Structures are given as structure tokens and as C-alpha cells.
A.B. asks: 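Take a look at this one; I'll ask things after.
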Amino acid sequence: MSHPCTTALKLSTLNHLKQLHAQTIRHNLHHHNYWAAYLIAHCTRLHVPPPYTRLIFDSAPNPNALVFTNMLKFYSQTGAHSDVITLFGQMQNCGVRSDVCVYPMLMKSVGKAAVELHAHVLKMGYGCDVYVRNTMMGVYVKYGPVEVARKLFDEMCEKTVVDWNSMISGYWSWGCGVEACELFDLMPERNVISWTAMVTGFSKMRDLKSARRVFDEMPEKSIVSWNAMISGYDKNGFAEEAIRLFTEMVNSGFQPNEITWVKVISSCSSRGDPCLAESLVKMMDEKRVHLNYFVKTALIDMHAKCGSLQTARKIFDELGVHKNSVAWNTMISGYTHVGDLISAKELFERMSEKDVVSWNSMIAGYAQNGQSARAIELFQEMATTKESNPDEVTMVSVISACGHLGALELGNWVVNFITQSQIKLSISGNNSLIFMYSKCGCMKDARKVFQEMATRDVVSYNTLITGFAAHGHGSEALELMLKMKDEGIEPDRVTYIGVLTACSHSGLLEEGREMFDSIEDPEVDHYACMVDLLGRVGKLDEAKELIERMPMNPHAGVYGSLLNASRIHKRTDLGELAANILFELEPQNSGNYVLLSNMYASKGRWEDVERVRKAMREGGVKKTTGWSWVEYGGKMHKFIVGDRSHERSSDIYQLLTELRKKMRAAGYRADKSCVLRDVEEEEKEELVGTHSEKLAIAFALLVSEAGSVIRVMKNLRVCWDCHIAIKMISALEGREIIVRDNNRFHSFSKGQCSCNDYW
DNA sequence: CTAGGGTTAG
């Protein structure tokens with residue numbers, strides 16, 4: 001058998017390699033270093049599985065520098081960093097002097113610790129090796145400080161184009177666009193990699209105009225350049241543009257590779273367009289695209305997000321037993337996105353190696369499907385089992401779940417957990433904190449988080465504005481809107497909804513009108529807000545005119561606003577008009593029947609009340625049951641009308657009886673027009689059950705510290721009768737009581753409520 | 001052996 005240097009055998013498959021390996025064993029040549037080195041080098045090229053390659057390595061009893069080096073290359077290329085380090089140690093122990101070319105690999109593998117290797121490398125005299133110094137720069141570029149990388153760069157007497165490119169992409173990865181551009185302009189020669197780095201850099205800074213400009217100016221494009229530009233569009237939410245560019249690429253004769261397909265498929269996922277998905281699948285079929293693991297995973301995601309979960313599941317199942325966690329996670333979130341938490345949890349439980357994304361997908365799945373308590377429970381399990389460490393994404397879901405629940409104590413515990421675990425919060429993490437504090441009624445803390453943020457985005461503003469709106473702080477909301485424009489952030493549709501709601505909740509008619517007129521293309525939701533505003537301040541006819549004038553079909557929200565305003569201002573005529581349309585638009589929404597019948601009741605029109613109730617019965621409309629809950633002792637205590645299941649139930653009812661006596665003495669009478677309870681005298685309340693708000697407040701009075709603020713959450717509108725009752729309780733007990741209903745806060749204090757447009 | 005593009009969670 002001839003020496004590998006002269007062998008003519010061409011190794012193009014794993015089988016060839018195995019044959020040759022077997023041959024060396026037959027000829028008893030396998031312990032020769034030159035054969036081992038030769039075979040290992042081909043293992044790297046052919047992506048041979050690590051165990052087989054290691055077998056070849058181990059068959060050389062006294063590996064020399066070349067065998068070690070090739071094995072190191074193999075590990076380095078497969079990203080097996082710990083193996084690189086171990087093998088390097090073994091090499092030192094064997095007294096084999098390492099070639100300079102192992103240092104770049106070693107430095108990449110040890111990560112940040114390479115900084116300590118720097119001195120050693122200099123002592124060995126490798127300081128001016130092109131590869132070593134470039135890798136060293138790469139280390140500082142990756143781990144910082146980037147200034148040190150620049151210093152190394154400046155000290156090089158002869159810079160290669162690779163050095164320039166490393167430094168440029170280093171600047172981009174630290175967000176230093178100006179420096180990157182400066183260097184790019186100074187470069188003596190550029191290659192396609194330099195240009196592509198600029199495209200990627202600008203996309204990373206969300207400056208797609210510049211990215212595209214550079215892309216168009218490129219003297220030559222590679223497949224990587226196209227992929228970079230497509231990826232840039234996709235990452236910044238321009239899925240359509242990504243797909244358009246892909247078409248352009250194909251038309252100009254470029255063959256898409258697997259990476260291109262992955263990006264195009266993921267753009268399609270974010271659009272969620274089934275037709276596009278279908279056409280992509282067809283195109284890939286025609287072109288006989290090889291589906292590698294990345295492509296298959298992207299396809300699972302695409303099918304799941306484009307509405308065909310079965311297809312997604314089929315591809316998932318076909319991946320067989322060697323599925324990685326990304327595939328599992330993709331399938332899990334596929335299920336949570338359609339609200340199938342059972343299937344999602346089933347997969348989650350079956351996963352043997354859950355990573356942080358698996359936990360986050362499942363937690364977010366609960367949080368986004370209205371199961372906040374489950375989300376928090378799962379987070380606590382995650383923190384206890386320590387299978388993987390929670391990160392910012394975990395905390396965003398958990399914080400927002402606390403917000404939905406109104407769980408302030410828990411929220412504060414979570415904030416403490418974040419500090420303890422040294423989790424850094426970026427913009428979205430802080431945004432979720434703003435949301436939580438707003439939802440818990442702590443606008444001071446919400447504002448504090450907002451003010452302490454170094455950079456804010458449109459969501460930061462929208463969240464705080466929406467918070468102020470729910471609290472009826474109109475002028476703060478307006479101020480914030482001006483501030484955001486000053487900061488160069490453009491208001492979007494959510495901003496306008498927030499500000500208009502805020503104006504509406506604080507009666508700022510002229511400001512709201514002006515705002516509405518300034519919206520370029522008002523959407524139906526903006527009209528609904530404006531109708532609400534006009535209605536609440538009593539301009540009901542104007543509200544009706546606006547509905548008649550609007551260029552699109554009014555939806556239920558628009559008529560809902562009109563109905564609500566009619567009730568506030570006792571305009572039964574308009575109320576009937578709005579309600580009759582609403583009964584057509586959403587026949588099963590009990591709230592509309594309640595509002596109309598309350599209007600009749602307040603005018604003493606009891607026959608009409610009965611008519612509405614009959615319509616409800618005949619239409620099979622179930623009155624939605626509202627829950628009220630209070631946080632105490634790390635738990636949420638939930639109550640429903642007439643609830644007697646709570647462990648403190650007897651104390652609660654006793655306290656309410658005493659309270660009722662005091663309230664009656666102070667002139668309280670249960671409101672007759674709270675018809676759905678059939679209550680004409682407060683004693684009869686016992687017959688239909690005490691309102692959940694009252695139960696929750698009584699419980700809070702029992703357990704909370706004297707003088708502290710009572711916070712009650714409710715998932716429906718605060719009942720009319722309760723609104724009056726809570727005012728009295730706040731005066732009698734000398735307590736501040738904050739009640740949050742669906743979209744608004746009521747702050748009761750000294751017999752007054754913060755909102756005076758409610759009834 | 002060093003520089004540019006890839007799948008999942010908010």
C-alpha cells in the first residue's frame with residue numbers, strides 16, 4: 001500500500017474513507033502517523049461524525065504534531081471547543097511542540113480567556129503571525145474592549161484585507177457604525193467580504209436604507225451578500241421586501257443555497273401567508289432543493305405559523321429520534337400560537353433536554369393565552385429545578401403575567417429575582433416592567449422605570465401612555481406624546497389609541513379632537529376612541545354624526561362607545577339605537593344587554609327591562625361572570641358573586657353585615673337599577689349573592705395592614721351599585737381602595753372616585 | 001489556522 005502522498009484514491013464519501021481506513025488496518029499501517037493525519041484531514045472535509053474520527057486518532061499510538069493539529073482542526077471546525085482545549089493539553093503533556101497554526105484555534109475555543117494567552121503567544125514569538133494576531137483581534141472584538149482590538153490593528157505594520165474586515169465587523173458588533181464606516185472608506189482594497197460586512201452592519205443598526213445602498217453599490221455580489229441583505233430585511237420586520245429581493249436574486253441568475261431558503265422560509269413564517277407558503281414549497285420541490293436540518297426546522301415553523309399544524313407535525317415526526325431542541329421548541333411554540341396548550345405541554349414534558357428556549361416558549365405560551373398563573377407556576381418550577389437559567393425573555397413573560405394578574409408583591413419579588421440573578425434588562429425587559437407597574441396601579445414606579453431607561457422605543461412610550469390612559473391622566477399622556485416626537489420616535493396607531501383614550505378618560509375634548517384630526521389615516525379603532533370621547537363629554541349627537549361620516553364600516557367597539565355614552569348621559573333613544581345594532585353584531589355579548597337594561601331601569605321602565613331579559617333568555621345569552629381578586633400572602637384570592645368557598649368566608653360575610661349597617665346609617669341604599677341581581681333592597685342581596693368586588697374588598701379589609709392601600713382586580717366592568725358602595729366604604733373605613741377593571745382604574749378615597757364620568 | 005449569510009422563545 002502506497003504512502004498517502006502518492007495514493008491516487010479519491011476520498012469523496014464517508015464510505016470511501018472507511019474503506020481506506022480498513023485497508024490501513026489490514027496492512028497494519030494504521031498506527032503510522034502519516035496515515036492518521038491524512039485520514040483525519042479528510043474527516044474534517046467530509047464532516048465525519050466525531051466518534052469515528054476520534055477512533056482514527058486513537059489508533060495512532062504516538063501522535064506527532066501533524067496528527068494533533070489535524071485533530072484540533074477537526075474539533076475546531078465542528079465547534080467542539082472543550083475538546084480542542086483538552087486535546088491541546090494532551091499535546092503539551094506529550095511534549096509535542098505545537099505548530100503556530102493551533103493557536104488561532106485554541107484562542108477561539110477558550111473564548112475570553114484568550115486574553116491571558118496573548119502574553120504567552122507573544123513570548124513564543126508568534127506575535128506577528130498573520131493568523132495569530134488576527135484571531136487575537138477577533139477575541140478583543142468579540143469580548144471587548146473594542147479599543148484594544150483597534151490598538152492591535154493600528155500596531156500592525158502590514159495589514160491584510162482580513163485584518164481590515166475583522167476590525168470593521170468588530171466595530172459593527174459593538175454598535176460603532178461611525179468608526180466602521182471610517183475604516184471602510186480608508187481601506188486600500190476591499191473584497192466582497194468587506195462590502196457584505198457593511199450590509200450586515202447597517203442592517204444590524206436597523207438602517208436598511210444604507211444597507212441597501214451599499215448592497216446596490218457592491219462591485220460584485222456573492223451568495224452571502226444576497227443572504228445578508230435578505231436577512232437584514234427579515235430581521236427588521238420587512239418580510240415582504242425580503243421575499244421581493246429573493247425573487248430579484250433568482251431572476252438575476254443566482255442559485256439560492258440552503259441558507260437563502262432558510263431566510264425566505266422564515267420571512268414567510270412571519271407573514272403567516274398560507275398561499276406564499278404553498279408556492280415556496282412548490283418552488284423548492286421543482287428545484288429539488290436539498291432539505292438540511294435548518295431548512296426542515298424553518299419549514300416546521302412556516303407550516304405552523306401559516307396555519308397547517310399537521311404538515312408541521314409531519315415534518316417534525318419525520319426528523320426521527322435525532323431531533324435537536326430547536327425542532328422541539330419550534331413545534332411547541334407552533335402549538336402555543338394556536339392556543340393548543342395541551343399539545344404544547346405534552347411535547348414539553350416529553351423533551352429530554354429542555355433548554356432555556358423550551359421553558360420560555362412554554363411560559364410565554366401560557367402568558368399569551370390568558371393563563372398567567374400557570375405561566376408563573378412554570379417559571380417557579382424552572383427556577384427551582386435549575387435545569388436552565390431564566391433569562392430576560394423568561395422574565396418578560398413572567399413580568400407581564402404579574403401585570404395581568406395585578407400581582408404587585410409577586411412582581412416586586414420577580415424584580416428582586418432579576419437583580420439577584422444578574423439578568424440584564426434591555427428595552428423590552430424594561431417595557432414589560434412599565435406594563436406591570438401600570439397594570440398594578442403604580443404609575444410612579446412605571447414612570448420611574450421609563451425615566452431611568454437609557455434608550456426607549458415606541459413600545460416604551462405606548463405602554464406608559466396606555467397606563468396613563470387607564471388611570472385617566474390625560475395631560476401626562478399628551479405630554480409624553482410630545483416628548484416622544486422630540487426624541488425622534490414616531491407615534492403609531494397604538495400611540496393614538498392610547499392618547500385618545502386618555503383624553504376620553506379625563507374629558508379633554510379639544511385636545512382629543514386636535515389629536516384625532518392630526519392622524520393621517522385614522523383606523524376604525526381611532527374612530528371608536530373619538531366616539532367614546534365625544535360621547536363621554538355629552539356630545540352624543542356629534543358622536544352619532546361621526547359614526548355616519550366615517551369611511552369604513554363601524555365595528556362593535558364604535559357602537560359600544562355610543563351605547564356606554566348614552567347610558568352615562570341617559571339618552572335612551574341613542575342607547576336603543578346602538579344596542580339594537582350591537583345585538584346584531586355580537587348577539588352573545590351579555591354586556592350590551594346589561595347596559596341597555598340598566599338604562600331602562602334607571603328610568604323605571606321595568607317592562608322594557610323585562611323585555612331585554614327575555615331576549616337574553618331566548619337568545620341563550622349567558623351573563624358573563626366577573627371575578628374579583630386580591631393579592632395577599634403571595635397568593636391571589638379570587639371571588640365570584642355569592643362566593644362562599646373562601647376559607648375566610650364567614651369572617652368576610654360578618655364584616656360585610658357590619659359594614660352594611662354602617663353604610664345604611666350613612667344613607668346608602670342598594671341601587672334598584674342594578675337589575676341583573678334583582679335587588680330592590682339591600683337585604684335581598686343575600687338572595688342573589690354578594691358582588692365579587694365587595695367580597696374581595698371585605699377580605700382585604702380583614703387581612704391587610706391598617707391604613708395600607710387596598711388593590712382589587714376585576715375582569716369586567718365595576719358594577720354600578722358597587723361603585724357607589726365602594727365610595728362609602730372608602731370614607732367609612734378611611735382607606736384608599738384601587739379597583740382595576742378591564743381597561744381602567746378607579747381610585748376610591750374619602751368617599752370620592754377618581755373617575756367622575758363613570759355613571 | 002484568521003474576515004461576511006442560517007432554524008426556536010418576548
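As the structure is a prediction and not an experimental result, all values here were calculated from the model. The chains referred to below are lettered A, B, ... by the order of the sequence lines, with proteins before strands, and numbering in each begins at 1.
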A.B. asks: How is A:Asp391 classified with respect to the nucleic acid when contacts are heavy atoms under 4.0 Å: base, sugar-phosphate, or nothing?
C.D. replies: base
A.B. asks: So which nucleotide from B:dG5, B:dC1, B:dG10 ends up closest to the side chain of A:Asn257?
C.D. replies: B:dG5
A.B. asks: If you look at every strand shown and take non-hydrogen atoms under 4.0 Å, does A:Asn191 touch a base, only sugar-phosphate, or nothing?
C.D. replies: base
A.B. asks: Looking only at side-chain atoms of A:Val192, point me to the closest of B:dG4, B:dC1, B:dG6.
C.D. replies: B:dG4
A.B. asks: With sugar-phosphate meaning primed atoms plus P, OP1 and OP2, does A:Lys305 contact a base, only sugar-phosphate, or nothing at under 4.0 Å between heavy atoms?
C.D. replies: sugar-phosphate
A.B. asks: Using only heavy-atom distances, decide whether a donor-acceptor pair under 3.5 angstrom links the side-chain of A:Thr297 to the base of B:dT7.
C.D. replies: yes
A.B. asks: Any N or O donor-acceptor pair linking the side chain of A:Ser428 to the base of B:dG10 at under 3.5 Å?
C.D. replies: yes
A.B. asks: Could you check how far NZ of A:Lys108 sits from C1' of B:dA3, rounded to whole Å?
C.D. replies: 10 Å
A.B. asks: Side chains of A:Ser343 and A:Asp340: any donor to acceptor distance under 3.5 Å?
C.D. replies: yes
A.B. asks: Got a donor-acceptor pair under 3.5 Å from the side chain of A:Asp163 to the base of B:dA3?
C.D. replies: no
A.B. asks: Does the base of B:dG4 carry an N or O that pairs as donor and acceptor with the side chain of A:Ser222 under 3.5 Å?
C.D. replies: yes
A.B. asks: When the distance from CD1 of A:Ile223 to P of B:dG5 is rounded to whole Å, what number comes out?
C.D. replies: 14 Å
A.B. asks: Kindly say if A:Lys235 contacts the phosphate of B:dG5, meaning a side-chain N or O under 4.0 Å from OP1 or OP2.
C.D. replies: no
A.B. asks: Take the protein atom CE of A:Met284 and the nucleotide atom P of B:dT7, then report the distance between them rounded to whole Å.
C.D. replies: 14 Å
A.B. asks: Mind checking A:Glu258 for me? I need base, sugar-phosphate or nothing, with any heavy atom below 4.0 Å counting as a touch.
C.D. replies: base
A.B. asks: Answer yes or no for A:Arg190 and A:Trp164: cation-pi contact, defined as NZ/CZ to six-membered ring centre under 6.0 Å and angle to ring axis within 45°.
C.D. replies: no
A.B. asks: Is the shortest side-chain N/O distance from A:Ser231 to OP1 or OP2 of B:dG6 below 4.0 Å?
C.D. replies: yes
A.B. asks: Ring centres under 6.0 Å, that's the criterion: do A:Tyr103 and A:Tyr131 meet it?
C.D. replies: no
A.B. asks: Pick base, sugar-phosphate or nothing for A:Asn292, based on heavy-atom distances below 4.0 Å to the nucleic acid.
C.D. replies: base
A.B. asks: Indicate whether the side chain of A:Ser358 and that of A:Asp355 have a donor and an acceptor atom separated by less than 3.5 Å.
C.D. replies: yes
A.B. asks: Does NZ belonging to A:Lys323 count more than 12 external heavy atoms closer than 6.0 Å?
C.D. replies: yes
